[in-house]
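All remarks here apply to the structure that follows.
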Amino acid sequence: MKKRIFKHGIIAAFLSLVLILSVISLPAFIANAEPGTLGTESPAITASYQDADGKAADGNKLSAGTYKMTVTLSGMKAVSVLQFDAAYDESVLSFDNVKYSLMDNYAYTGVEGFHSGGKLIFGYSSTNLSSTTEIDPNGTELFSLDVTVVSEAPVDIEDYITMNKSPDLTFIEADYGDIRQDGSTDIHDCYALEQGDTFLGLGTVYSMTCDLSPEFTEFSVSGKVVVMLNPNKPDETNNAKGLDNVEIIINEETVATTDTDGNYDFMIAPGEYDATLHHQNGYDRTVKITVEASSVTAPAITLVNCDYDHNGRINAADSTSFRAGYKKKTDQANLNRDSSINASDNTIFKSFFKKNDIRDIYTSVVVK
């Protein structure tokens with residue numbers, strides 16, 4: 001019997017052997033995991049990028065440097081055979097440190113592909129013949145690798161990686177039941193990037209998509225930082241005024257600074273982040289921010305703003321700084337951020353004075 005042929009070296013030899021052994025051992029018609037799903041789904045292969053600091057990068061404009069490229073499949077429930085076949089411009093791109101994620105996380109047999117010599121190829125064949133390998137419809141990582149861009153001008157990755165659209169070279173078969181036998185020949189029904197005859201001109205081709213530099217989406221994260229008025233009630237925000245000039249720092253970059261009312265707003269790609277709140281007269285506070293697929297509004301977050309030397313303790317050195325500001329009526333003594341410096345500010349400072357370690361005051365905050 002003739003089987004789907006994989007065109008490239010070790011992929012051809014290994015996956016063809018898997019398919020031959022699989023089909024020989026099975027009846028001519030194998031029941032699909034979900035009969036009738038082929039052609040009703042919308043398979044999509046996409047890529048995302050992270051820079052050396054783990055920050056999401058825009059595949060439409062990657063500047064010179066090395067990025068982690070992650071290729072994901074979504075829009076379908078199961079796969080039996082898959083091949084990703086592309087060519088890339090070696091004068092602009094190079095690849096290294098490949099990780100075959102699907103093979104690491106699922107029970108099936110696959111082979112390592114090529115990521116050099118202008119060829120970027122990945123092949124896979126499931127060994128779970130009765131139900132195939134399940135795929136999360138919302139996205140399952142196929143593979144990841146490092147891509148290095150050598151061009152000084154920002155590049156759109158899809159201008160330098162060209163997918164082979166032939167149904168024989170880039171395709172997805174949803175189930176072994178989609179390989180039907182007609183005498184001594186297999187009929188391969190599959191998803192592919194363009195319409196056309198499948199292997200040996202037999203079988204039906206259904207549409208799939210591939211976007212290696214999808215539109216880069218960022219979402220708003222907004223909230224307010226207020227002064228901490230009482231160390232015994234560290235998260236109490238009633239009557240607490242906004243704290244201005246607080247820097248919001250993520251991956252050592254200031255992404256926003258609070259306004260006169262303590263408000264901040266910045267844009268960021270989906271992901272999980274540690275954000276540091278830093279004020280010139282306060283002790284830094286770190287909060288976790290999770291952005292999924294929508295904008296995030298954070299609750300008010302309190303910050304100690306009388307740790308002038310940033311050592312985590314309110315001691316004699318801080319008292320000297322506060323008293324100097326209190327005497328001269330300068331902004332550093334306006335702890336409650338009202339219109340005047342008076343006894344209320346002195347009361348707040350006294351409540352924090354001689355705290356052994358104000359770092360213990362901060363509670364865990366997760367913004368999502």
For the rings on [X] and [Y], is their centre-to-centre separation under 6.0 Å?
X	Y	result
Phe143	Phe84	yes
Phe95	Tyr88	yes
Tyr67	Tyr49	no
Tyr100	Phe122	yes

Within 45° cone of Phe352 ring axis and under 6.0 Å: Lys350 NZ or CZ: no
Which atom pairs, donor and acceptor, lie under 3.5 Å between side-chain atoms of residues 262-275 and protein residues at least two apart or in another chain?
from   : atom 1 : to     : atom 2 : distance (Å)
Asp265 : OD1    : Ser220 : OG     : 2.7
Tyr273 : OH     : Ala269 : O      : 2.7
Asp274 : OD1    : Lys288 : NZ     : 2.9

Would you say the side chains of [X] and [Y] form a donor-acceptor pair under 3.5 Å?
X	Y	result
Thr46	Thr72	no
Asn164	Ser166	no
Thr363	Asp235	yes
Glu247	Thr254	yes
Asn305	His279	no
Glu253	Asn251	no

Results of salt bridge (Lys or Arg N to Asp or Glu O under 4.0 Å) for Asp331 - residues two or more places apart only: Arg337
Working for side-chain hydrogen bond (donor to acceptor under 3.5 Å, both in side chains), residues Asp156 and Ser213: CA-CA 7 Å; Asp156 183 340; Ser213 55; 2.7 Å; yes
